[in-house]
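All ligand and atom numbering here is 1-based and tracks the order in the structure.
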Amino acid sequence: MYYKNMSEPSACTFVAPPSGKRITAPPCRLRLPPERLALFLDVDGTLAPITARPEFTRVPVDTRRILRRLQASGVALAALSGRPLVQVRRLLLPLDVPIAGSHGAQLRFSAGRSIRSTAHLPPGAAAWLQNGVAQLPDVWLERKPSALAIHWRQAPHMQSEVAALAARFLERAPGWQLICGHCVHELRAVGRHKGVALRRLMRQAPFAGRWPLAIGDDRTDEDAFAAALELGGAAIRVGPAANTCAPWAVADTTALARWLGALLAPD
Ligand SMILES: O=P(O)(O)OC[C@H]1O[C@H](O[C@H]2O[C@H](CO)[C@@H](O)[C@H](O)[C@H]2O)[C@H](O)[C@@H](O)[C@@H]1O
């Protein structure tokens, strides 16, 4: 991979690396034909700016337009999200791409073929958690296919209570694990994550044989980054780049959209 020219410097906003780690802006242009590139895109905080509530979120029209043009040029795209699949489809419309939803518990390939790996909870565990969350003011529980998310964006002072509740939930839910996102404690089954989904998609057309680039903004994306790197690809972390295995970073969703748009410019 090489830098081309820096004709659009703002597309390559540099995020300072944590001390001792070398992390740089992604090259302005990838010296790769579109039909060799596979992009694996997270949604919240990556394609869409973070909002107060998940239902307020929109992927900007310009970003969706850029993604459509990338797809039309031959780039293979997929979305890897913690959200339920149906929400991701709606957020990306009219773009139609393979999607991993609920951290990979749901997988929709091209041509509409879907698989779902259901993770079971002991009877009463979800209701127990719902009841615990109800005791924490302004904290709320999102029930997703094979995953649960305790949101505390409206109650940052409740973070340690949320962590304690999640820990007690895990004692009742063997085979489940906690992963922290932005103002959210996510509970999901061990072994279901975006890295597994990326690898699965990379075994299929149109991804097989391509160079994988995973792009995301939080801890839940690190599994996808690791998988892309292990397959010889790369990763971009969006936002402050602390504790990431991604070699590249951009400042925010706007900078990422600009960088993706710059990939469309003719050589
Ligand atoms: O994997 P992603 O596509 O990044 O999804 C991660 C989670 O996104 C949603 O929650 C987050 O975004 C909300 C809207 O910006 C925000 O209000 C919340 O605080 C964030 O945690 C979604 O609700 C979760 O289900 C996803 O797992």
Side-chain angles (χ1 to χ4, degrees), residues 39-60 63-64 67 77-93 95 97-108 119 126 129-130 133 136 138-159 162-163 166 176-189 192-198 201 214-228 235-241 244 246 249-250 252-254 256-257 260:
L39 289 181
F40 294 94
L41 300 153
D42 168 57
V43 178
D44 292 273
T46 297
L47 297 179
I50 293 288
T51 55
R53 298 266 313 188
E55 60 271 30
F56 299 162
T57 298
R58 300 285 176 273
V59 177
T63 304
R64 281 180 280 149
L67 295 177
L77 304 176
L80 307 180
S81 180
R83 284 186 182 253
L85 204 149
V86 63
Q87 289 184 16
V88 182
R89 281 196 79 181
R90 202 164 49 230
L91 284 168
L92 294 179
L93 282 173
L95 191 71
V97 296
I99 296 169
S102 264
H103 299 290
Q106 301 173 293
L107 202 49
R108 179 183 179 272
L129 187 63
Q130 178 75 70
V133 166
L136 306 178
D138 297 323
V139 175
W140 61 279
L141 182 68
E142 181 186 5
R143 291 184 179 225
K144 308 189 277 189
S146 297
L148 296 157
I150 314 174
H151 289 268
W152 48 270
R153 182 168 295 280
Q154 280 74 32
H157 53 288
M158 286 284 162
Q159 186 180 355
V162 169
W176 281 56
Q177 67 177 179
L178 169 69
I179 185 143
C180 296
H182 291 306
C183 301
V184 67
H185 280 45
E186 303 240 20
L187 297 153
R188 66 182 189 199
R192 284 177 182 77
H193 57 71
K194 294 181 182 184
V196 171
L198 186 150
L201 288 167
I215 308 178
D217 74 311
D218 70 19
R219 170 63 194 88
T220 70
D221 300 305
E222 293 291 329
D223 300 307
F225 296 170
I236 301 176
R237 176 91 175 216
V238 180
T244 183
V250 294
D252 52 28
T253 56
T254 307
L256 177 70
L260 290 169

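- Contact of the Pro54 side chain with the Arg153 side chain is not registered, since no non-hydrogen atoms from C-beta on lie closer than 4.5 Å.
- Residue-level proximity to ligand 1 for Thr57 is carried by the side chain, the only part with a heavy atom below 4.0 angstrom.
- Closest to atom 16 (C) of ligand 1 among all protein heavy atoms lies Thr51 O, 3.3 Å.
- Of the N or O atoms in Asp218, none lie within a sub-3.5 Å distance of an N or O in ligand 1.
- Ligand 1 places these atoms under 4.0 Å from at least one heavy atom of Glu142: 22 (C), 23 (O), 24 (C), 25 (O).
- Within 6.0 Å of the CZ atom in Arg64, the count of heavy atoms belonging to other residues, nucleotides or ligands exceeds 12.
- When Glu186, Arg153, Lys194, Glu55 are checked for heavy-atom proximity to atom 1 (O) of ligand 1, Lys194 turns out nearest.
- Any N or O atom pair closer than 3.5 Å counts here, and Val43 shares at least one such pair with ligand 1.
- Of all atoms in ligand 1, numbered sequentially from 1 with element shown, those under 4.0 Å from a heavy atom of Ser81 are 1 (O), 2 (P), 3 (O), 5 (O).
- Proximity of Ala52 to ligand 1, defined as any heavy-atom pair under 4.0 Å, is confined to the backbone N, CA, C and O atoms.
- Using the six-membered ring where Trp is involved, Trp140 and His151 have ring planes that are parallel, under 30° apart on the 30 and 60° scheme.
- Those atoms of ligand 1 that come under 4.0 Å of a heavy atom in Lys144, given as number and element, are 24 (C), 25 (O), 26 (C), 27 (O).
- In this structure, the protein non-hydrogen atom closest to atom 2 (P) of ligand 1 is Asp42 OD1, 2.8 Å.
- At a cut-off of 3.5 Å, with distance as the only test, a side-chain donor of Thr57 or Arg83 sits close to an acceptor on the other residue.
- No side-chain N or O of His103 forms a donor-acceptor pair with one of Asp223 less than 3.5 Å apart.
- Closest non-hydrogen pair, Pro84 versus Lys144, comes out as CD-CD, 3.8 Å.
- Interatomic distance, Ile236 CD1 to Asp221 CG, rounded to the nearest 0.5 Å: 12.0 Å.
- Ranking protein heavy atoms by distance to atom 10 (O) of ligand 1, first place goes to His151 CE1, 3.5 Å.
- Checked by distance only, ligand 1 and Gly82 come closer than 3.5 Å through their nitrogen or oxygen atoms.
- Heavy-atom proximity to His182, at under 4.0 Å, picks out these atoms of ligand 1: 18 (C), 19 (O), 20 (C), 21 (O).
- Partners of Trp176 according to the side chain to side chain donor-acceptor pair (under 3.5 Å) rule, which considers only residues two or more places apart in sequence or in another chain, do not exist here.
- Below 4.0 Å from some heavy atom of Val184 lie the following atoms of ligand 1, by number and element: 21 (O).
- Between the side chain of Gln154 and the backbone N or O of Ala52, at least one donor-acceptor pair lies under 3.5 Å.
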